[in-house]
2 protein chains.
Amino acid sequence: MNVIILAADEVARSGEVRLTGTRGRHLTRVLKVKPGQEVRIGFIDGPMGTGIVTAAGDDAVALQCTFRDTIPPRPRVDLLLALPRPKVMRRLWSQLAAMGVGQIMLTDAERVERDYFGTHVLAPDTYRPLLIEGLQQARDTRLPLVSIHRRFRPLVEDHLDGLFRDGVRVLADPGASRSIGTAIAGVANDRVLLAVGPEGGWNDFERRLLEQHGFQTVAMGPRTLRTDTACIALLALAHDALSRA
Amino acid sequence: MNVIILAADEVARSGEVRLTGTRGRHLTRVLKVKPGQEVRIGFIDGPMGTGIVTAAGDDAVALQCTFRDTIPPRPRVDLLLALPRPKVMRRLWSQLAAMGVGQIMLTDAERVERDYFGTHVLAPDTYRPLLIEGLQQARDTRLPLVSIHRRFRPLVEDHLDGLFRDGVRVLADPGASRSIGTAIAGVANDRVLLAVGPEGGWNDFERRLLEQHGFQTVAMGPRTLRTDTACIALLALAHDALSRA
């Protein structure tokens, strides 16, 4: 944990908070904090700040918190992801939040197994702590927005313009020659939406529909990657390109 | 599996091979191959080729193989990695091979737990099938070379020049400002060696020693990533920069 994430209702008006559970154990056992020590804290979707340890022991820690005036900006890359199998998705949540993603839209596709949508990996009670774990790793407070779409076509045709208004839409495709850096170059203040298909790829209809709705195909080299590896690689390239745009 | 990887001694002189086990099951149950069908094959560290199914059934498949004349080039990025905990390392093997890495040097560091070196995740019998799984995913045949170094200083001072002769050495560091793309720009025919530290980072001595041995520090943005996420992100950026160099 490189920052301790707090929910707004955890902190008293006086600025005091008492941490038990995972965070309390982490502070006492891993960081071995002592009274007087400072730890990095942050509010979910709010500012970062500093907590001064006022008491520590028995896997519990009391902090006196102060927060900055500014809130970290939302990561400028969004993800449209064909739902991978539950084991992969479970692993991805924290990694996506750590890499930095503004919103995660999970969608069906022909090559997605229908029963993946019934899994508890898609329950907020499951994924929210995993997303927060990623934020705590990466020192961010901006929780990715999550939406789940069981039907691909209505998502793309009817809902996508509302979910992702202005920005560049890209689609990794083995046949493409343009690099993601070229596609993103010069989008100084815009957002980027990355579409990542299922293991077997989008089918022709899905790829065409995405292209008709403004997605530019970009190359990702000759290697075929597993969904989770591809997401991380694409997010790294997109953030890198945005930092140079 | 996007290519079926074969060991040299599996294929008869006549070009025939009979696959059982994981590969046989994958061909019969997932790809549902029928006689006459072609599948992509490759020799470990050798050429890719085509196998024509001559018989299929009962989780076993016979192929008649032909191979190309050329061998895929070895990926031009190498990795010097402070050994992560076994659970993370187990997951990394196939992802590293899929991303493309010429050699993997695993090293000790102050913030690496000593007992990680005793784990069976470092046994060739464990990691070799996982590396091959990554090659089969990414359609490559070049098995990463693996070396394990229990002492950091002799590795860097005495062995590194032999293991990595010519090329650019980079070290991801939160304090750096140069991007990995800038560090790699213009190394048209060279190799790149990426150093990735332990979860808590290299200590000052280790960082200095790497810098004294030619490692340039490069920035990776403000986010602190877990080892496995950082490796994939850095490999993506290094390959991308090389493709543009």
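Here the structure is a predicted model, which is why all the values come from computation and not from measurement. Throughout, a chain's letter reflects where its sequence line sits, starting with A, and its residues are numbered from 1.
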Quiz prompt | Segment of A/Pro75 engaging chain B (4.5 angstrom heavy-atom cut-off) | solution =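 Contact with chain B involves the side chain of A/Pro75 alone.
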Practice problem: Heavy-atom distances under 4.5 Å only: say whether A/Ala97 touches chain B with side chain, backbone, both or neither. | Solution: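 For A/Ala97, the backbone is the part near chain B, not the side chain.
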Quiz item: For chain A, which of B/Gly100, B/Pro222, B/Gly181, B/Ala138 has the most heavy-atom pairs under 4.5 Å?
Solution: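 Among B/Gly100, B/Pro222, B/Gly181, B/Ala138, the one with the most close pairs to chain A is B/Ala138.
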Inter-chain polar pairs, chain A versus chain B: which donor-acceptor atoms lie under 3.5 Å apart?
from     : atom 1 : to       : atom 2 : distance (Å)
A/Gln95  : NE2    : B/Thr229 : OG1    : 2.9
A/Ala97  : O      : B/Arg223 : NH2    : 3.0
A/Ala98  : O      : B/Arg223 : NE     : 2.6
A/Met99  : O      : B/Arg223 : NE     : 3.4
A/Gln137 : NE2    : B/Thr224 : O      : 3.2
A/Gln137 : NE2    : B/Leu225 : O      : 3.3
A/Asp140 : OD2    : B/Arg223 : NH1    : 3.3
A/Asp140 : OD2    : B/Arg223 : NH2    : 3.0
A/Arg223 : NE     : B/Ala98  : O      : 2.6
A/Arg223 : NE     : B/Met99  : O      : 3.4
A/Arg223 : NH1    : B/Asp140 : OD2    : 3.2
A/Arg223 : NH2    : B/Ala97  : O      : 3.0
A/Arg223 : NH2    : B/Asp140 : OD2    : 2.9
A/Thr224 : O      : B/Gln137 : NE2    : 3.2
A/Leu225 : O      : B/Gln137 : NE2    : 3.3
A/Thr229 : OG1    : B/Gln95  : NE2    : 3.0

Self-check item: Per-residue contact mode, B/Met220 against chain A (heavy atom under 4.5 angstrom)
Solution: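 Nothing of B/Met220, per the 4.5 Å heavy-atom cut-off to chain A.
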Practice problem: Let me know if B/Ala219 has heavy atoms under 4.5 Å from chain A in its side chain, its backbone, both or neither. | Solution: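 For B/Ala219, neither part sits under 4.5 Å from chain A.
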